[in-house]
*Asks:* 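One structure coming up, written as structure tokens, with questions to follow.
Every chain is numbered from 1 and lettered A, B, ... according to where its sequence line falls, protein lines coming before strand lines. All values below come from the heavy atoms of this structure, side chains included, with hydrogens, waters and symmetry mates left out.
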Amino acid sequence: MLVASKDLQKLVEQAVEELRRQGAVKGSTAPHVTRTKSEEHGDFTTNYAMVAAKAEGRRPRELAEILARELQRHPDVADVQVAGPGFVNLRLRPETWVRALEAPIAQGERFGSHAPRDEAPINVEFVSANPTGPLHVGHGRGAVVGDALVRLLRAAGHRVTAEYYWNDRGRQVRELGRSVAIRLRQILDPSLPPPADENWYRGEYVRELAREAPAGPAFAGVASGESTEARLRALAALPEDDERFVAYGRDRMQLAILATLAKLRVGFDYQESERRIAASIAEFYAELQRRGLALERDGALFLATEGKEGEDKDRVVRKSDGEWTYFATDLLYHADKLRRGFGRMINIWGADHHGYIPRMRAGLAVLGHPPQALEVLLVQMVNLLSDGQPVRMSKRSGDFVTLDELIDEVGVDATRYIFLTRRHDSQLDFDIALAKRKTLDNPVFYAQYGHARLSAILRRAEELAAGQVPEGARERLAAGLGRPGAPPIPETALSLPEEHRLARRILALPDAVLEAAEAREPHRIVYFVQEVSQAFQSYYTARWKRHDDPILPPARLSPEELAAWDWERTAARLRWIRAIRAAVRAALGIAGVEAPDRMEWSEDGDREEEG
RNA sequence: GCGCCCGUAGCACAAUGGAUAGUGCAUCGGAUUUCUAAUCCGACGGUUGCAGGUUCGAAUCCUGCCGGGCGCGCCA
């Protein structure tokens, strides 16, 4: 059946090929088919005639006429029009669209997903925040965009590994360990002055880590038996740079971060550790040095990145004090990803890291890898607002609004949905008050409400079918609800233009998934949900407003009126609603947002509140 | 100074090089005897920052300028 762009693409290609066989065209130009933007232009369009005009030595309109005549022959094609400078616009028969609704109904939440591709898997690395503190709101956006991208790529048929890279060694985690030690001492002696330097972590969470330290497994040998007080003393006696503080702080923060992400429905297939990667670092760079790709200068080791990917200088991998730089391990890590068999690496970074991209690409180029194998999506910053007013992100030194707090405040669905309402590279205003509001200006509410309404109609139809209904109504309802053995519903029973329009829209989801995955833009799926919800809500209200033509018969109808009801039309609409609901669910599933079957209306009456 | 990103309606943002540049919010006007009530319809609103260029066709690609953001450590 012809409802996806690739089907139409094939149809037009075959038409051009047929014309070539007949000698009507030379056929050296490949046609390209797209969906139309406007309904007046039909369902699909091709600009073939304009693109090919020069090579064919014909006028575009003339070519278009020839192609149109050929396309007209397909049974699913209702009509073909030549328009404007030479567009060939193609419209499918309404029955073709209605029949195609079987796909979302049969596939359910998998609708829109494509068969696995025979390609190298894609690695998507995201969040990768240092295990030195709780995640903040900005990390949340990266997490949701990354997770939605993983879901989207999988729907498009890619094999994908979702990955987290822990920077679990180096100065930052050492400072966290030291900070725990400092706070431990302060618990025992509150008059102790804080260290003079600014490097240590002063957040409240570090105090908490210190308080809970005596129970930490890292200290099993140090702090056993006796009272908490005694165990605290034993720990505080350890030197500030004791490795056990580092291990304790790091392990606790890793667990805390993963717990926050799990709450946000974000999970990983693989977690890589910098400690593990770094084990082979000396060997790795010694080899590069032997091959002349890394050079020692002034006691430091430089990678020969100058002149690659726009890099204007060589980059340090080992400092003169003998420490390896972040870049050194990062590069080794990415080389290792390629060794693990990934054809493509997509990294999601905060926008402030954009200067790092050429360096990484240049590094890969030095190693002889294609630099394009690394794709970086930069996620722009999030402005937290409440009713349009900026929310202060920093309460005091070291503290900020954490991702945990945000999720608890507005809920997982709202958090995810709102993070997906903008393209990753544009700044995002996150209005907390708006996200909680149950009004149509809250996009999360609007989308979920639309889905709940669809479910409510089906629920009501079930009730009807189970109750007292006239002769013939029960089996029509059963057909509409998709029960086995029910009589078929003729395609023509769904007849309104807006019904056909919405059918076409939801049937575009498989194409939308491919396009969004290709563009790495999960936010398009949210737009899809928004559009479908809007179209349906409009239809719903309009049907009801007319009174004479709701989807289901109103409860107040008399037995005579019920007997005269057009149950076949109702059945066709129920089937249509099941298809819409499947498409909305599938799309929300890619966003990782729940599709509720009913809305919970708050009792304290939000509508009384002033805006 | 060099490099990257961005500039679209009052605001927030869409738009594979396609046709009359869309959607939400806000504002104003209207509908509504609920199948879930908070829904819906309409109007207003644009020299796509400016000037050139490429193209049958430019918001989109190229060049220059103007304006905004960010990055340019032997930091992480």
*Asks:* Is A:R423 close enough to B:rA15 that one of its side-chain N or O atoms is under 4.0 Å from OP1 or OP2 there?
*Replies:* yes
*Asks:* Is any side-chain heavy atom of A:R453 less than 4.5 Å from a side-chain heavy atom of A:Y540?
*Replies:* yes
*Asks:* Is the phosphate of B:rG24 approached by A:Q534 (side-chain N or O, under 4.0 Å from OP1 or OP2)?
*Replies:* yes
*Asks:* Within the 4.5 Å heavy-atom criterion, are A:L496 and A:R573 side-chain neighbours or not?
*Replies:* yes
*Asks:* If we take the C1' atom in both B:rU54 and B:rG71, what is their distance in whole Å?
*Replies:* 32 Å
*Asks:* Is there a donor-acceptor contact under 3.5 Å linking the side chains of A:R581 and A:S455?
*Replies:* yes
*Asks:* Report yes if the side chains of A:Y446 and A:Q534 come closer than 4.5 Å at any heavy-atom pair, otherwise no.
*Replies:* yes
*Asks:* B:rU60 and B:rG17: how far apart are their P atoms, nearest whole angstrom?
*Replies:* 11 Å
*Asks:* Does A:N89 reach a base, just sugar-phosphate, or nothing at all? Heavy atoms under 4.0 Å.
*Replies:* base
*Asks:* Could you check which of B:rA12, B:rC74, B:rU36 has an atom nearest any side-chain atom of A:V316?
*Replies:* B:rC74
*Asks:* Stacking between B:rG71 and A:H354, yes or no? Criterion: centroid separation under 5.5 angstrom, plane angle under 30 degrees.
*Replies:* no
*Asks:* For B:rC61 and B:rU20, measure between their C1' atoms and round to the nearest Å.
*Replies:* 24 Å
*Asks:* Using a cut-off of strictly less than 4.0 Å, decide whether A:K54 has a side-chain nitrogen or oxygen near OP1 or OP2 of B:rC56.
*Replies:* yes
*Asks:* Using the P atoms only, state how far B:rU48 lies from B:rA21, rounded to an integer number of Å.
*Replies:* 10 Å
*Asks:* Heavy-atom nearest nucleotide on RNA chain B for A:F44 versus A:D298: which residue maps closer to 5'?
*Replies:* A:F44
*Asks:* Choose from B:rA76, B:rU36, B:rC56 the nucleotide whose nearest atom is closest to any side-chain atom of A:V51.
*Replies:* B:rC56
*Asks:* May I ask which nucleotide in the shown strands pairs with B:rU20, Watson-Crick or G-U wobble, both distances under 3.5 Å?
*Replies:* none
*Asks:* With P as the reference atom in both, quote the distance from B:rG30 to B:rG18 in angstrom, rounded to an integer.
*Replies:* 41 Å
*Asks:* Base, sugar-phosphate, or nothing for A:V33, non-hydrogen atoms under 4.0 angstrom?
*Replies:* base
*Asks:* Could you check A:R318 against A:R524 and say which one's nearest nucleotide on RNA chain B is further toward the 5' end?
*Replies:* A:R524
*Asks:* With a 4.0 Å limit, can you tell me whether A:Y449 has a side-chain N or O closer than that to the phosphate oxygens OP1/OP2 of B:rA37?
*Replies:* yes
*Asks:* Using a heavy-atom cut-off of under 4.0 Å over every strand shown, decide if A:A519 touches base, sugar-phosphate, or nothing.
*Replies:* nothing
*Asks:* Taking all non-hydrogen atoms of both residues, which atom of A:V173 and which atom of A:N167 are closest, and how far apart?
*Replies:* CG1-O, 3.7 Å
*Asks:* Just checking A:E531: base, sugar-phosphate only, or nothing, at a heavy-atom cut-off of under 4.0 Å?
*Replies:* nothing
*Asks:* Using purine N1 to pyrimidine N3 plus N6-O4 or O6-N4 for Watson-Crick, or N1-O2 and O6-N3 for G-U wobble, both under 3.5 Å, which nucleotide pairs with B:rC28?
*Replies:* B:rG42
*Asks:* Grab the two heavy atoms, one from A:L364 and one from A:L331, that are nearest each other, plus how far apart they are.
*Replies:* N-CD1, 3.7 Å
*Asks:* Using atom NE2 of A:H41 as one end and atom C1' of B:rG18 as the other, report the distance to the nearest whole Å.
*Replies:* 10 Å
*Asks:* Side chain of A:I551 only, heavy atoms from C-beta on: which candidate in B:rA19, B:rC35, B:rA76 is closest?
*Replies:* B:rC35
*Asks:* If you look at every strand shown and take non-hydrogen atoms under 4.0 Å, does A:V317 touch a base, only sugar-phosphate, or nothing?
*Replies:* nothing
*Asks:* For B:rC50, which nucleotide is its Watson-Crick or G-U wobble mate, given both distances must be under 3.5 Å?
*Replies:* B:rG64
*Asks:* Would you measure the distance from the C1' atom in B:rA26 across to the matching atom in B:rC44 and give it in whole Å?
*Replies:* 12 Å
*Asks:* If you check the A:Y356 side chain, which of B:rC40, B:rU34, B:rA76 turns out closest?
*Replies:* B:rA76
*Asks:* Mind checking the C1' distance from B:rG67 to B:rG22? Whole angstroms is fine.
*Replies:* 26 Å
*Asks:* Please name the residue in the list A:E499, A:E498, A:R501 that meets the side-chain hydrogen bond (donor to acceptor under 3.5 Å, both in side chains) test with A:Y539.
*Replies:* A:E499
*Asks:* At less than 4.0 Å, is any side-chain N or O atom of A:S538 found next to OP1 or OP2 of B:rC41? Yes or no.
*Replies:* yes
*Asks:* Scan A:A300 against the nucleic acid and name what it touches under 4.0 Å (heavy atoms): base, sugar-phosphate only, or nothing.
*Replies:* base
*Asks:* Within this structure, what is the CZ-to-P distance between A:R315 and B:rC74, rounded to whole angstrom?
*Replies:* 8 Å
*Asks:* Side-chain contact, heavy-atom cut-off 4.5 Å: A:Q172 with A:Y201?
*Replies:* yes
*Asks:* For A:N130, answer base if it contacts any base atom (sugar-phosphate contacts may also be present), sugar-phosphate if it contacts only those atoms, and nothing otherwise; contact means non-hydrogen atoms under 4.0 Å.
*Replies:* sugar-phosphate
*Asks:* Rounding to an integer number of Å, can you tell me how far A:H523 NE2 sits from B:rU23 C1'?
*Replies:* 12 Å
*Asks:* Can you tell me, in whole Å, how much space there is between the C1' of B:rU47 and that of B:rU8?
*Replies:* 12 Å
*Asks:* Quick one: is A:R453 getting a side-chain N or O under 4.0 Å of the B:rA37 phosphate, OP1 or OP2?
*Replies:* yes
*Asks:* Atom CD of A:Q530 and atom P of B:rG22: how far apart are they, to the nearest Å?
*Replies:* 19 Å
*Asks:* Kindly indicate whether the side chain of A:D597, heavy atoms from C-beta on, has any atom under 4.5 Å from the side chain of A:R459.
*Replies:* yes
*Asks:* Side-chain N or O of A:K37 less than 4.0 angstrom from OP1 or OP2 on B:rA19?
*Replies:* yes
*Asks:* Given side-chain contact (heavy atoms from CB on, under 4.5 Å), test A:L378 with A:I357 step by step and report yes or no.
*Replies:* CA-CA 10 Å; A:L378 295 175; A:I357 301 172; 4.1 Å; yes
*Asks:* How close or far is atom P of B:rA38 from atom NE2 of A:H451, stated in whole angstroms?
*Replies:* 21 Å
*Asks:* Tell me whether the ring of A:F87 lies stacked over the B:rA19 base, given a 5.5 Å limit on centroids and a 30° limit on the plane angle.
*Replies:* yes
*Asks:* According to a strict under-4.0 Å criterion, is A:Y446 in side-chain N/O contact with OP1 or OP2 of B:rC25?
*Replies:* no
*Asks:* Figure out the CZ/P separation between A:R422 and B:rC5, and round it to whole Å.
*Replies:* 22 Å
*Asks:* At under 4.0 Å between heavy atoms, what does A:Y527 touch on the DNA or RNA strands: base, sugar-phosphate, or nothing?
*Replies:* sugar-phosphate
*Asks:* Between C1' on B:rC56 and CZ on A:R59, what's the gap in Å once rounded to a whole number?
*Replies:* 13 Å
*Asks:* Pairing check on B:rU36: which nucleotide meets the Watson-Crick or G-U wobble criteria with it, both distances under 3.5 Å?
*Replies:* none
*Asks:* Any base atoms under 4.0 Å from A:S320, or only sugar-phosphate, or nothing? Heavy atoms, all strands.
*Replies:* base
*Asks:* Given that both distances must come in under 3.5 Å, which nucleotide forms a Watson-Crick or G-U wobble pair with B:rC4?
*Replies:* B:rG69
*Asks:* Please name the nucleotide paired to B:rG57 by Watson-Crick or G-U wobble geometry with both distances under 3.5 Å, or report none.
*Replies:* none
*Asks:* So A:T45, base contact, sugar-phosphate only, or nothing? Heavy-atom distance under 4.0 Å.
*Replies:* base
*Asks:* In this structure, how many angstroms lie between the P atom of B:rG18 and the CZ atom of A:R35, rounded?
*Replies:* 16 Å
*Asks:* Between A:K319 and B:rA76, is there a side-chain N or O to OP1/OP2 distance below 4.0 Å?
*Replies:* yes
